[in-house]
Amino acid sequence: MQIYEELVARGLIAQVTDEEEIKELINNGKATFYIGFDPTADSLHVGHFMALSLMKRLQMAGNKPIVLLGGGTGLIGDPSGRTDMRSMMTLETIQHNIDCFKKQMERFIEFGEDKAIMVNNADWLSKLNYIELLRDVGVYFSVNQMLRAECYKQRMEKGLSFLELNYMIMQSYDFYYLYKNYGCNMQFGGDDQWSNMLGGTELIRRKLGKDAYAMTITLLLNSEGKKMGKTAKGAVWLDPNKTSPFEFFQYWRNIGDADVLKCIRMLTFLPLEQIDAMDQWEGSQLNEAKEILAYELTKLVHGEEEAQKAKNTSHALFAAGTDDANMPTTEIENEQLTNSAIGIIDLLVLCGLSASKSEARRLVQQGGVIINDTKVESIDDKITVEQLQNSVKIRKGKKTYHKALMK
RNA sequence: GGAGAGGUUCCCGAGUGGCCAAAGGGAGCAGACUGUAAAUCUGUUGGCGACGCCUUCGCAGGUUCGAAUCCUGCCCUCUCCA
């Protein structure tokens, strides 16, 4: 099976500008393609991960990837598919985010001569001259068409600033620039980037009379149509300091039944035959599939050792219910004790298991706190130094475990 | 620039002088049921030294015994006109 066919089989392709041509290019390793990453945060997330895996897949098939860091476009902010404007970032923040991105990317993609290259669009975008740009590039864009673009739909109600409207032009210019200077003939990206990407192919056609291609990756949606890779607290990050390998593992371990196979297919590098075999699984057998998914992804992102650890912790907690060394731990200082003990409410707050004492009280009153396998019955319960010296296992709800011990 | 509408708690959205820490829904959290799933049901969702007190309804002032609600100024958004 060739790479294009594999991408289709994995359900990764959302839209393409010219199927035959793209198939021909990537199946024969003739594509030089780019994917843009705007430095919107100090860590990559699952959406970026998908793009990077696609990049890796194509690289393995002999194509040449260009990672484009959006040092310039990040200054503008992509309005695509958003209901409100992104907050403006300072140059320093953007630079910091770019540095963070670089480090994480090097884990996935091989950079170097004849391998992948990395560029920053600040290098050319920030040098543009307004009047020149308007005359050279601006003429080729129809405002009427831009406003009709799907990605701005939501913004037509809430308001779209001129700054943001220009995002599409910048991204189109990037493609044009890379085409001219790096022979980049293809752009990939999330499906929400479709309009922006078409802007680029159109610009190349109009300015150079050449064809370039674009292809989008299916957005990872769950069976309810919501974007995956997000929790109530925010994105699932690839940075272990923002989302620990265990949390990361658990996120995938707890995926809905209806979404497991799709995720395995789209996100892992497991052979398709093996995945097709899992397709038959039903009911609680899916737990096994979820574990495979969680393990594979944790391995890709955090390495085999961390993946194994996360898996062990998960087993220890949910299967056996015993203690484990990898549990998040809070050390209690002497000053935090009164009469050689600490109230359960204070302890919960201290460990970050509750945002406030009120929340902690509620939690206890609703029977959601278990200490060392015993349910806490009263909000006045105390934990003594002796207990803390041996370490105390706190369980909040069904899935959150924490350990507290004396420093 | 002109005319109109509007900014409410995590989000949507009610409330137009006291009964408002603010309806309803969504989302979250906890409990039951389960397979660490989904669906469903129940409770809960500003803070604290908690039958009380403090902070919150765009921002800053003012009127009043009392303001999310009335007045003044400012900021922001949308719609129509230019």
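In the text below, chain A, chain B and the rest are named by the order of the sequence lines, each starting its count at 1.
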Query raised in the report: Which part of the nucleic acid, if any, lies within contact of A/Lys399, taking any heavy atom under 4.0 Å across all strands shown: a base, the sugar-phosphate backbone alone, or nothing?
Result: sugar-phosphate
Requested in this report: Sugar-phosphate atoms are those with a prime plus P, OP1 and OP2; base atoms are the rest. Using that split, label each nucleotide of nucleotides 44-50 of chain B B, S or - for protein heavy atoms under 4.0 Å, 5' to 3'.
Outcome: SS-SSSB
Query raised in the report: Would A/Lys262 and A/Asp279 pass as an ion pair if we require N to O under 4.0 Å?
Result: no
Query raised in the report: Without hydrogens or angle criteria, can the side chains of A/Gln171 and A/Gln193 be said to hold a donor-acceptor pair below 3.5 Å?
Result: yes
Could you list the donor-acceptor pairs under 3.5 angstrom formed between side-chain atoms of residues 36-48 of chain A and any protein atom two or more places apart in sequence or on another chain?
from: A/Asp38; atom 1: OD1; to: A/Thr73; atom 2: OG1; distance (Å): 2.8
from: A/Asp38; atom 1: OD2; to: A/Tyr167; atom 2: OH; distance (Å): 2.6
from: A/Asp42; atom 1: OD1; to: A/Lys242; atom 2: NZ; distance (Å): 2.7
from: A/Ser43; atom 1: OG; to: A/Gln104; atom 2: NE2; distance (Å): 3.2
from: A/Ser43; atom 1: OG; to: A/Asp239; atom 2: N; distance (Å): 3.2
from: A/His45; atom 1: ND1; to: A/Gly47; atom 2: N; distance (Å): 3.0
from: A/His48; atom 1: ND1; to: A/His45; atom 2: N; distance (Å): 3.0

Query raised in the report: Is A/Lys56 positioned over the aromatic face of A/Phe108, cation under 6.0 angstrom from the ring centre and no more than 45 degrees off axis?
Result: no
Query raised in the report: With a 4.0 Å cut-off, would you call A/Lys393 and A/Asp373 a salt bridge?
Result: yes
**Report entry** Integer angstrom distance from the P of B/rG17 to that of B/rG6
**Finding:** 15 Å
Kindly list each side-chain donor-acceptor pair under 3.5 angstrom involving residues 199-208 of chain A, sequence neighbours excluded, with atom names and distances?
from: A/Thr201; atom 1: OG1; to: A/Leu198; atom 2: O; distance (Å): 2.9
from: A/Glu202; atom 1: OE1; to: A/Arg205; atom 2: NH1; distance (Å): 3.1
from: A/Arg205; atom 1: NE; to: A/Asp211; atom 2: OD1; distance (Å): 3.4
from: A/Lys207; atom 1: NZ; to: A/Asp136; atom 2: O; distance (Å): 3.1

**Report entry** Glycosidic class, syn or anti, of B/rA50 using a 90° window around 0
**Finding:** syn
Requested in this report: Would you please classify the geometry between the A/Phe248 ring and the A/Trp252 ring as parallel, tilted or perpendicular, with 30° and 60° separating the classes?
Outcome: perpendicular
Nucleotides 2-4 of chain B: which of its N/O atoms have a protein N/O under 3.5 Å away?
none

Query - Distance, C1' atom - from B/rA14 to B/rG25, rounded to whole angstrom - result: 11 Å
Query raised in the report: Taking the same atom, C1', in B/rA39 and in B/rC48, what whole-Å distance lies between them?
Result: 39 Å
Query raised in the report: Using the C1' atom in both, what is the distance from B/rU55 to B/rA68, to the nearest Å?
Result: 14 Å
Query raised in the report: Given the C1' atoms of B/rG58 and B/rU9, what is the spacing between them in whole Å?
Result: 14 Å
Name each donor-acceptor pair under 3.5 Å that joins a side chain in residues 348-356 of chain A to protein atoms two or more places apart or in another chain, with its distance.
from: A/Ser356; atom 1: OG; to: A/Glu359; atom 2: N; distance (Å): 3.2

Query raised in the report: With syn defined as a glycosidic torsion within 90 degrees of 0 and anti otherwise, which applies to B/rC78?
Result: anti
Query raised in the report: If each of A/Asn287 and A/Val369 is mapped to the nucleotide of RNA chain B with the nearest heavy atom, which maps nearer the 5' terminus, i.e. the 5' end?
Result: A/Val369
Query - Distance, P atom - from B/rC65 to B/rC59, rounded to whole angstrom - result: 25 Å
Query raised in the report: Using the C1' atom in both, what is the distance from B/rC76 to B/rU8, to the nearest Å?
Result: 16 Å
Query raised in the report: Out of B/rU34, B/rC12, B/rA37, which has the shortest distance to the side chain of A/Lys158?
Result: B/rC12
Requested in this report: Ignoring backbone atoms, establish whether A/Lys290 has a side-chain N or O less than 4.0 Å from OP1 or OP2 of B/rA38.
Outcome: no
Query raised in the report: Got a sec? Which of residues 250-261 of chain A come in under 4.0 Å of RNA chain B, heavy atoms?
Result: A/Gln250, A/Arg253, A/Asn254, A/Ile255, A/Gly256, A/Asp257
